[in-house]
Number of protein chains: 4
Amino acid sequence: MSDLSAVKTALKTQAVETPSWAYGNSGTRFKVFAQPGVPRTPQEKLDDAAQVHAFTGVAPTVALHIPWDKVDDYAALAKHAEERGLKLGAINSNVFQDDDYKLGSVTNPDPEIRGKALAHLLECVDIMDATGSRDLKLWFSDGTNYPGQDDIAARQDRLAEALQAVYERLGDDQRLLLEYKFFEPAFYTTDVPDWGTAYAHCLKLGPKAHVCVDTGHHAPGTNIEFIVALLLREGKLGAFDFNSRFYADDDLMVGAADPFQLFRIMYEVVRGGGLDSGVAFMLDQCHNIEPKIPAIIRSVMNVQEATAKALLVDPDALSAAQTSGDVLGANAVLMDAYNTDVRPLLAEVREELGIDPDPMAAYKASGWAEKIVAERVGGTQAGWGA
Amino acid sequence: MSDLSAVKTALKTQAVETPSWAYGNSGTRFKVFAQPGVPRTPQEKLDDAAQVHAFTGVAPTVALHIPWDKVDDYAALAKHAEERGLKLGAINSNVFQDDDYKLGSVTNPDPEIRGKALAHLLECVDIMDATGSRDLKLWFSDGTNYPGQDDIAARQDRLAEALQAVYERLGDDQRLLLEYKFFEPAFYTTDVPDWGTAYAHCLKLGPKAHVCVDTGHHAPGTNIEFIVALLLREGKLGAFDFNSRFYADDDLMVGAADPFQLFRIMYEVVRGGGLDSGVAFMLDQCHNIEPKIPAIIRSVMNVQEATAKALLVDPDALSAAQTSGDVLGANAVLMDAYNTDVRPLLAEVREELGIDPDPMAAYKASGWAEKIVAERVGGTQAGWGA
Amino acid sequence: MSDLSAVKTALKTQAVETPSWAYGNSGTRFKVFAQPGVPRTPQEKLDDAAQVHAFTGVAPTVALHIPWDKVDDYAALAKHAEERGLKLGAINSNVFQDDDYKLGSVTNPDPEIRGKALAHLLECVDIMDATGSRDLKLWFSDGTNYPGQDDIAARQDRLAEALQAVYERLGDDQRLLLEYKFFEPAFYTTDVPDWGTAYAHCLKLGPKAHVCVDTGHHAPGTNIEFIVALLLREGKLGAFDFNSRFYADDDLMVGAADPFQLFRIMYEVVRGGGLDSGVAFMLDQCHNIEPKIPAIIRSVMNVQEATAKALLVDPDALSAAQTSGDVLGANAVLMDAYNTDVRPLLAEVREELGIDPDPMAAYKASGWAEKIVAERVGGTQAGWGA
Amino acid sequence: MSDLSAVKTALKTQAVETPSWAYGNSGTRFKVFAQPGVPRTPQEKLDDAAQVHAFTGVAPTVALHIPWDKVDDYAALAKHAEERGLKLGAINSNVFQDDDYKLGSVTNPDPEIRGKALAHLLECVDIMDATGSRDLKLWFSDGTNYPGQDDIAARQDRLAEALQAVYERLGDDQRLLLEYKFFEPAFYTTDVPDWGTAYAHCLKLGPKAHVCVDTGHHAPGTNIEFIVALLLREGKLGAFDFNSRFYADDDLMVGAADPFQLFRIMYEVVRGGGLDSGVAFMLDQCHNIEPKIPAIIRSVMNVQEATAKALLVDPDALSAAQTSGDVLGANAVLMDAYNTDVRPLLAEVREELGIDPDPMAAYKASGWAEKIVAERVGGTQAGWGA
């Protein structure tokens, strides 16, 4: 796509979903460093998310995590969002923090615990009905730490059974997103460790089941854009959980560790029609040492920059070079787009959207950071509750 | 399976297929160290394979590689095998050593080259008809070295088309085994890089298409036994290419780098019914610095030892511990079998089979090594032809 | 060492240090699953450690972690240990859990925070004086999450300065153990990421500074026994932190993930004289889902089994095969020892030590597990305080 | 360094050494795809290298590999180079392709083979005397494939002995560069697997011994720029072997796989004074499927672009942000330089050097590619001789 006005249109209509939990405290098993001004309530998380949307123009929805964002009245929460120009996004389930889940949730050998986990997942669909959310995101921490601890195949059977029950509960316009993860918190087996496992389950479930690609959840050296291309080809790419990593599931700001990889991923998205096919572009990050809101603004901008570069790839020149076996020429077409400084283009896009061309500076000048530090005193800061 | 006589029966009927090319020279891109006495012809490879079977009792078939084992008369070759107590096994295709395949074989952007590659694959099925082989093993070196070099999704389309054509050519009792590999010789994308890709293609092809798991073809840290359990659960595990590795596709002797992993894999095979469901257990190794025949005997013994330990796992005790959530107890049941010294049991099994209880010593005493060094003088030693 | 009585003597005099924190609760960033009966105080941790020593006979010392094990009277704590047949072992410093250390402790750009961190390290030497501990173990979580965040070389300068100050404070019989770690909790740079960095600092510090090898702190594929051999050759191997891992710093029971690797490590220890040269053999593990005390007993037994196998390697046969370039023969000598079932030998060793030959069963029968669950009610369970 | 004229001066005086072997054929163990027009002699390699220098202006020296570039008269070869505007660079030894080296060269258990290997290394210093080369680059493929195969520590002793002998032979202005490599062609141990091992040896040898960092020779996830910063701090960084990789030692064009990493490396070089302290910047790549000369031109340009971006980092702004603990601000200073499109700046630099601003297009237009295909007919193409 090299028509500049089409590029701009695509960039203006792009939507990045931010996760409610990224506005709260997070850390490692060694320490959570609390930050001043962090939200105490789901409402305050939405207030912060509204800032991100105000300054970037492309972050109109917020993903919720249940029970971290549990409220009595989800309609009221949705209204709180709407009043700030936002909508509620995907509902993320949590079946990993109850003491019962020590040996698994939906794959636990104990049928009672499996029942409890399934009930929570179904409750999440109830919440989706209330919030109007389209997507249920399922991540299971289920797995084992020691060889022999449990039966690998039996756990797959239990998983399939739970997924089937959830799938049947979904409404016509609702989707199930199955996330995979290489390891952590389980260290020997993970019940959904790779895209192949997620894909196999989604295929059996049906058209409302899709795979969610978290960019930090792969083995070292895995070619993520290849997976993206494959899932798009199969019609099974449902969403991204964006973040970046040098080692494991580091959950750093997307684009911070390997911006070229992010560009290659976004190129495959563009190439495979993923900008227009219902794929959800979500962040899933941990801002352990940097301030949350500007880190999220920066992350949204990093996705924008990678998308802009991907849109600038000249498809005709690329195809011509590929077809003729011109290795260096084809690579050069891609690199030419990557090496372009797209920041001026994005500044233009922002001005045409009526917002400040420099979101980081504008946020800094807004005084919001100082305001929340001053006002959010007392109460319990939001966090993972680990 | 803890009934000792059943364990022995299973060990006596086990069959490990050895690869013709492991009897020839191999090496790395840096150097192939030729060894004295190495076969010059497919017939001589079979002569060596017959030694491995004679001393182990469980290596009755030999995989061929076309064109490395190309002969004018495959029926005569099969007869040569039979006269030595062997049968010909899987046919391995080679679409990676012709100059035309620099940018791919069945996924090449050039349709003429794709046609040439497909013709070779179909020729391999012709050879299967002549040799009576059940399995066609497909490994594609196809991929790209540089981002942008070719279109990922288009290459999948081309791959699917070729696989479909081969599948349709298969006879009723013939199977297609699709091998995957993480990387090498392609360094950016590999067209079948993981089990998920192989599985997705095999699923579409139909019941005669199965996945081949090469134990050296995974990303660092990949849990291979998990993949084995999954593929068995799906009825899609067709074969193993056994070898071992510390780093990449090192192709060391199976069981040499991580004997505990080999045991875990064989445990999942036993658990999932893989000993009796047509799974082919093949070696695919490179004996770059050690003598070939004893290295292959050792490898067959390593598979036997891992299988014996897997068979000794007490399924009732394991299941009881798993069901009750006894993490340490369940792990201990597995480790108890692993820590058992099964060499005396295997010596008994060999004696009951009428062979020497110590294959390595018996081969050494046989004088075969000295004989082939003395006799195989002149001619061109077999190798990879790289 | 193939003289059996010498092997037994070595096994009887072996000493494995257990870490106080392994008796408390631990988990991942996602969840800490508390266990009933877990100690509330350093004294109760020692009570549990005494059980491990009582049933294994080879765990006579306990490492402390400051401030997790902070007490008013360390002499009294040492006496508590002695009354239970134990001694206090290494002192582990903690400069990663204070809010001030968000951007580093001794490498922090802020000199005041560096001063605070150094003061804690010096306080730990004071505690060593009180407890009679020989070793100060230094692990720094210091590092950065984002490229550019801080100056890599400047952080090395600050680290060197702090280490020098600590070194100068050490008494004549005290040692500093510098631990390295590949990543976590820092995700871009870690200030002591590998053995080379630790070695370079220890070399400059002098003879009382040694490297601590944590078996879980390496990049994928790293040959740990090679590092062990090198450090022993240089006289710089001070200690092990034993645990095992499939992926990252999983902190599973030592020997659980790769028992062959543990054997290879212990072989290099034996080969390099490490059993008799002051190397400390410590556990550093997290029993997140399994009961703590039996997991630690199992871990000590795993170290014993690996050591027994390493001692059984026939040095003359190995050397003869190595010198003559007999690749398969040399490997076979090593594997022969590894494949030996050493459990009967260790049962004998235990009986000669006057303890039960089956530590796991004996602990289970002792009733201690039930006793601590019943008695340790109320109070705050020990944990990492993250 | 933000003064633009200083940046330009640095870019004009930068020198990238190209390796003679990159102009010849190369491949993987599976296949070497020969290319038309490839040099048959060392002289023709220099002819091609002269093209790279002519079109980039910053590739004035060529590394030789002995015996691949063995000639009778090195003075004449040096003169051939000079007539084309080039100088001969580092001498690379080869002790991995003789049949004797199957089990090692300088670390071989056989003292005769060690003597032969050492003699070759000393011969390389003789050649340096003849060519006027400053640097002897030592890469050893030595290692083992199987546990137990040889004694790790004994091999270090043999290595140290050989290095000492070579070191003593060096002239006053000559240097020894010790390269390390994680794995391949050895698969269990490599005798110099990491920077720590190379550093420890170089430290003992003395000031003329330096470490060579090959950017493809590390474990997955290794932070290479950290190693660069450390070695510069210790005065022990001697050279780079540039290339890039997704998986193992892929030897792709430098900057092709992770341009951000290359930038971070060059930033540490600039930061640590490495542009002016005798560090050699060499390519070491394999152009298996792409045409050699343009691939090398592209690689030189990639190094230039990374260097330009590194030079554009604002040191004062960075230092201010780092000192004040502004994580996002410090990262932003670095990213601002990285995100700059430096191609116009480099075009200017080239014009000021009197060469074409677009080296790729200029080379293409020159007709050299067609000329060598037409002229270099017959003879044996240069390659690795594996």
Side-chain angles (χ1 to χ4, degrees), chain A residues 102-103 108-110 144-154 156-157 182-183 188-190 193-200 203 218-223 225-230 232-234 260 264 267-268 271-272 313 318-319 321-325 327-328 330-335 338, chain B residues 102-103 108-110 144-154 156-157 182-183 188-190 193-200 203 218-223 225-230 232-234 260 264 267-268 271-272 313 318-319 321-325 327-328 330-335 338:
Chain A
K102 189 167 77 165
L103 303 182
N108 198 299
D110 182 337
T144 63
N145 274 6
Y146 292 103
Q149 179 186 324
D150 200 2
D151 190 275
I152 293 172
Q156 290 296 314
D157 294 340
F182 187 48
F183 82 98
Y188 170 54
T189 59
T190 293
D194 55 17
W195 79 266
T197 307
Y199 169 77
L203 203 63
H218 302 85
T222 300
N223 184 327
E225 60 268 29
F226 182 91
I227 296 172
V228 168
L230 252 67
L232 280 168
R233 185 175 175 270
E234 304 288 338
F260 183 45
R264 298 193 311 262
Y267 169 71
E268 293 302 331
R271 159 66 182 84
V313 173
L318 184 62
S319 180
Q322 289 175 340
T323 308
S324 64
V327 175
L328 291 175
N331 177 244
V333 172
L334 207 76
M335 295 313 294
Y338 179 67
Chain B
K102 189 168 77 166
L103 302 183
N108 198 299
D110 182 337
T144 63
N145 274 6
Y146 292 102
Q149 180 186 324
D150 200 2
D151 189 275
I152 294 173
Q156 290 296 313
D157 294 339
F182 187 49
F183 81 100
Y188 170 55
T189 59
T190 292
D194 55 18
W195 79 266
T197 307
Y199 168 79
L203 203 64
H218 301 84
T222 300
N223 184 327
E225 60 268 29
F226 181 92
I227 295 171
V228 169
L230 250 68
L232 280 168
R233 185 175 175 269
E234 304 287 339
F260 183 45
R264 299 194 311 263
Y267 169 71
E268 293 302 332
R271 159 65 182 85
V313 173
L318 184 62
S319 180
Q322 289 175 341
T323 309
S324 64
V327 175
L328 291 174
N331 177 245
V333 172
L334 207 76
M335 296 312 294
Y338 179 67

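Note on naming: letters A, B, ... go to the chains in the order of the sequence lines (proteins, then strands), and numbering restarts at 1 for each one.
Side-chain contact check for B:Pro147 versus A:Tyr338: every heavy-atom pair is 4.5 Å or farther apart. By the 4.5 Å heavy-atom criterion applied to side chains, A:Glu225 and B:Tyr188 are counted as neighbours. Side-chain contact between A:Thr197 and B:Tyr199 is absent, with no heavy atoms from C-beta onward closer than 4.5 Å.
Note that CG of A:Asn331 and CG of B:Asn145 are 10.5 Å apart. Values are rounded to the nearest 0.5 Å. To the nearest 0.5 Å, atom CG of residue A:Leu232 and atom CD of residue B:Gln156 are 12.5 Å apart. One finds the OG1 atom of A:Thr190 at 8.0 Å from the CZ atom of B:Phe226 (value rounded to the nearest 0.5 Å). Taking CZ from A:Phe183 and OG1 from B:Thr222, the interatomic distance works out to 12.0 Å, rounded to the nearest 0.5 Å. Atom CG in B:Leu318 sits 7.5 Å away from atom CG in A:Asp151 (nearest 0.5 Å). Between the CG atom in A:Asp194 and the CG atom in B:Asp194 there is a gap of 7.5 Å [rounded to 0.5 Å].
Among A:Ser324, A:Ala153, A:Ala198, the residue with the largest count of heavy-atom pairs under 4.5 Å with chain B is A:Ala153. If you tally non-hydrogen atom pairs under 4.5 Å between each of A:Gly196, A:Gly148, A:Gly272 and chain B, the highest count goes to A:Gly148. Per-residue heavy-atom pair counts under 4.5 Å with chain A were compared for B:Ala229, B:Pro220, B:Ser319, and the maximum is reached by B:Pro220. Note: B:Gln149 leads B:Lys102, B:Gln149, B:Glu234 in heavy-atom pairs under 4.5 Å with chain A. Chain A forms more heavy-atom pairs under 4.5 Å with one residue of B:Leu203, B:Thr144, B:Leu230 than with any other, namely B:Leu230. In terms of non-hydrogen atom pairs under 4.5 Å with chain A, the most contact-rich of B:Pro193, B:Ala332, B:Ala200, B:Ala219 is B:Pro193. Ranked by heavy-atom pairs under 4.5 Å with chain B, the list A:Leu334, A:Asp110, A:Thr323 is led by A:Leu334.
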Please evaluate residues A:Asp157 and B:Arg233 with respect to the criterion side chain to side chain contact (heavy atoms under 4.5 Å, CB included), reporting the C-alpha separation (whole Å), side-chain torsions for both, the decisive distance (0.1 Å), and the verdict. CA-CA 9 Å; A:Asp157 294 340; B:Arg233 185 175 175 269; 2.7 Å; yes
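With a threshold of 4.5 angstrom between heavy atoms, B:Leu328 does not approach chain A through any atom at all. Neither the backbone nor the side chain of B:Ala321 comes within less than 4.5 Å of any heavy atom in chain A. For chain A, no part of B:Asn108 is nearby; none of its heavy atoms comes within less than 4.5 Å. Contacts of B:Asn223 with chain A are made by side-chain atoms alone, with heavy-atom separations under 4.5 Å and no backbone atom involved. When heavy atoms are compared at a cutoff of 4.5 Å, B:Thr189 approaches chain A by way of both its backbone and its side chain.
For A:Asp150, the salt bridge (Lys or Arg N to Asp or Glu O under 4.0 Å) partners at least two apart in sequence or on another chain are A:Arg155, A:Arg158. B:Gln322 is linked by a side chain to side chain donor-acceptor pair (under 3.5 Å) to nothing, counting only residues two or more places apart in sequence or in another chain.
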